[in-house]
Amino acid sequence: MVVYTSRTRTDTSSKRAAESHAEFLQRIAGPFWDQVRDAINKWSSHLPFHAQPGLRSRLLDGNSDANVYSALWEIYLHEMLLGSGCTVEIEHQIGTRGKNPDFLVTRNGEQFVVEAIWTAQRLGDAVSDSLPPQLADAIDTVPSPNFFVACELIRAGSATPPQKRLKAELTRWLASLDPDQAIASYEQKVPLPRYTWQEAGWCLTFEAIPRSPGRRGDPTSRTIGIYPAISFDDESNRVFDAVKRKGGKYGDLELPFIVAVGNAAVFPIDENTETALFGTSVEYAHGSTPAFGRRSDGYWTATRDHPHSRVSGVLIVDNPAPWTWAKSSPVLWRSPHPRSLPAPVLATWETAQLVKAQVERRPASSPIHTALGLSEHWPVGDAFPKGHRGSKADCNST
């Protein structure tokens with residue numbers, strides 16, 4: 001199945017704020033991104049024929065980034081299972097509720113079920129409203145070879161702001177500043193240069209942050225370097241909710257059941273996953289010897305006799321995306337519930353399990369890229385070679 005057609009691509013600019021992820025992957029040019037598209041095309045063709053049209057539709061959905069990311073997560077899982085020597089059936093009806101989980105997997109004559117879910121950390125209340133995508137794109141095109149800009153939206157007008165005048169005034173202000181002088185003043189506890197722009201009901205404040213000398217002089221580099229401070233939803237609650245949503249969906253499967261969570265988080269922390277699944281860690285003082293325990297607020301520790309025991313394990317990959325596929329190791333969090341069927345462990349999976357209220361980790365015996373048929377440093381090359389604009393939204397190293 002071909003998701004991305006072979007054609008001449010010339011636009012190497014980074015993902016625009018107003019651009020969907022599907023549109024970006026279709027447009028972006030360069031050898032790095034050709035490798036990504038080739039892998040997606042190849043892996044998609046490994047799915048059964050009946051599953052390919054729906055997957056292709058989701059990958060090309062310009063109206064939903066969530067559809068794109070969840071489809072990428074599913075083809076990653078499918079390819080990893082195939083590359084681990086498993087056979088995989090797609091949406092095979094199983095369980096007491098007559099529904100169809102994502103993957104029925106067979107390995108060495110034994111079967112288990114894998115259900116995929118991709119979940120993203122949601123932004124909470126921002127210090128100020130988020131910039132409209134078109135406005136962020138306009139500010140990002142202002143030439144600023146000597147400064148990054150921190151931008152905060154104080155007040156939004158009722159109509160589209162006059163972008164041409166905003167860009168002209170911002171360009172003049174930045175050109176009037178000396179980065180070395182700004183650094184010297186800052187070292188003397190003088191605040192960085194600030195500028196407030198007001199027009200047509202809009203009010204934005206900008207702070208000029210000097211680039212280091214080695215990073216100056218490139219007129220095509222990004223201008224916006226810092227957005228307003230933002231709060232995020234609680235990661236442990238999000239993982240808990242994702243597993244709970246999938247864990248009880250199929251009734252009794254009579255097979256080991258793994259919920260695979262693509263955990264898109266700004267700052268993924270293992271302790272949050274640990275709390276979500278095993279409960280909050282507590283320390284009790286008994287004389288001079290501390291004792292450790294778990295509160296009954298985790299997925300597997302919520303109650304003693306609970307249907308959550310149907311889930312044998314939770315497989316988590318933090319920030320799964322094509323540029324992290326070959327680098328980020330999956331971690332299988334194994335159920336401590338005595339009624340759970342044991343979860344199988346593949347060679348490329350790290351494991352985490354509860355031993356006397358403490359989490360015991362074991363490394364994978366093989367790197368993940370071996371199961372995916374990729375090189376260790378795939379995709380090879382730079383996503384945005386020097387002289388082209390990069391974006392924290394397109395290609396994260398995490």
Side-chain angles (χ1 to χ4, degrees), residues 112-125 229-250 252-253 256-320 328-346 349-365 398:
F112 60 98
V113 174
V114 176
E115 175 72 3
I117 182 170
W118 181 85
T119 180
Q121 193 164 23
R122 295 183 299 274
L123 301 183
D125 294 331
I230 294 174
S231 63
F232 303 96
D233 68 348
D234 186 275
E235 184 185 343
S236 59
N237 289 342
R238 188 167 43 80
V239 171
F240 181 100
D241 291 343
V243 179
K244 183 178 179 180
R245 175 183 167 190
K246 293 292 188 178
K249 186 175 179 180
Y250 302 102
D252 292 321
L253 294 167
F257 179 33
I258 295 172
V259 176
V261 179
N263 181 34
V266 178
F267 302 110
I269 301 173
D270 279 350
E271 185 179 346
N272 290 335
T273 299
E274 176 185 323
T275 298
L277 301 178
F278 297 147
T280 304
S281 178
V282 293
E283 182 178 347
Y284 303 99
H286 293 287
S288 59
T289 304
F292 296 93
R294 293 277 167 177
R295 291 179 181 166
S296 57
D297 56 357
Y299 181 79
W300 284 305
T301 59
T303 58
R304 182 169 298 176
D305 297 315
H306 201 282
H308 290 184
S309 63
R310 293 170 179 162
V311 176
S312 305
V314 175
L315 186 73
I316 290 186
V317 177
D318 290 330
N319 293 316
S328 298
S329 296
V331 180
L332 179 68
W333 298 76
R334 307 179 76 176
S335 171
H337 200 289
R339 293 177 57 188
S340 295
L341 295 174
V345 180
L346 301 186
W349 295 356
E350 298 179 15
T351 61
Q353 61 186 28
L354 203 59
V355 178
K356 296 181 179 179
Q358 299 278 51
V359 175
E360 182 180 279
R361 301 288 295 259
R362 292 186 180 179
S365 57
T398 56

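- Summarising the geometry of Pro320 relative to Val317, their closest heavy-atom pair is CD-O, 3.4 Å, with the distance given to 0.1 Å.
- The CG atom of Asp318 sits 5.0 Å away from the CG atom of Asn263 when rounded to the nearest 0.5 Å.
- Separating the CG atom in Leu346 from the OG1 atom in Thr351 is a distance of 11.5 Å, to the nearest 0.5 Å.
- Using a 30° and 60° split on the angle between ring planes, Tyr299 and His308 fall in the parallel class, below 30°.
- Heavy atoms from other residues, nucleotides or ligands lying under 6.0 Å from CD of Glu271 number 12 at most.
- Comment: Glu115 does not engage Arg245 in a salt bridge, judged by the lack of any side-chain N to carboxylate O separation of less than 4.0 angstrom.
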Next item on the list: Check the pair Arg310 / Leu253 against side chain to side chain contact (heavy atoms under 4.5 Å, CB included), numbers first and verdict last.
Entry: CA-CA 8 Å; Arg310 293 170 179 162; Leu253 294 167; over 6 Å; no
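- Using a 4.5 Å cut-off on side-chain heavy atoms (C-beta onward), Trp300 and Val311 make contact.
- Heavy-atom minimum distance, Ala343 versus Pro256: CA-CB, 4.5 Å.
- Of the listed residues (Pro330, Pro363, Ser365), just one forms a side-chain contact (heavy atoms from CB on, under 4.5 Å) with Trp349, and that residue is Pro330.
- In this structure, NZ in Lys246 is found 13.5 Å from CG in Asp241, a value given to the nearest 0.5 Å.
- Not one N or O on the side chain of Ser309 forms a donor-acceptor pair closer than 3.5 Å with the backbone of Ser340.
- Under a 3.5 Å cut-off, the side chain of Asp297 and the backbone N or O of Thr280 do form a donor-acceptor pair.
- Listed here is the closest heavy atom pair of Ala260 and Val114: CB-CG1, 4.0 Å.
- Here the closest heavy-atom approach between residue Val359 and residue Ala352 is recorded as CG1-CB, 4.0 Å.
- For the pair Trp118 and Ala264, the tightest heavy-atom approach, listed with the atom from each and the gap, is CZ2-CB, 3.7 Å.
- Residues Ile258 and Pro344 are in side-chain contact: their nearest non-hydrogen atoms beyond the backbone lie under 4.5 Å apart.
- Figure legend: Arg361 and Trp333 shown as a cation-pi pair, the cationic atom lying under 6.0 angstrom from the six-membered ring centre and within 45 degrees of its axis.
- A distance-only check finds a donor-acceptor pair linking the side chain of Arg294 to the backbone of Ala357 [under 3.5 Å].
- Rounding to the nearest 0.5 Å places CD1 of Ile269 at 11.5 Å from CD of Glu274.
- Residues Asn272 and Arg238 are not in side-chain contact: their nearest non-hydrogen atoms beyond the backbone lie 4.5 Å or more apart.
- Residue Thr301 comes nearest to Arg295 through the heavy atom pair OG1-O, 3.3 Å, listed as atom of the first residue, atom of the second, then distance.
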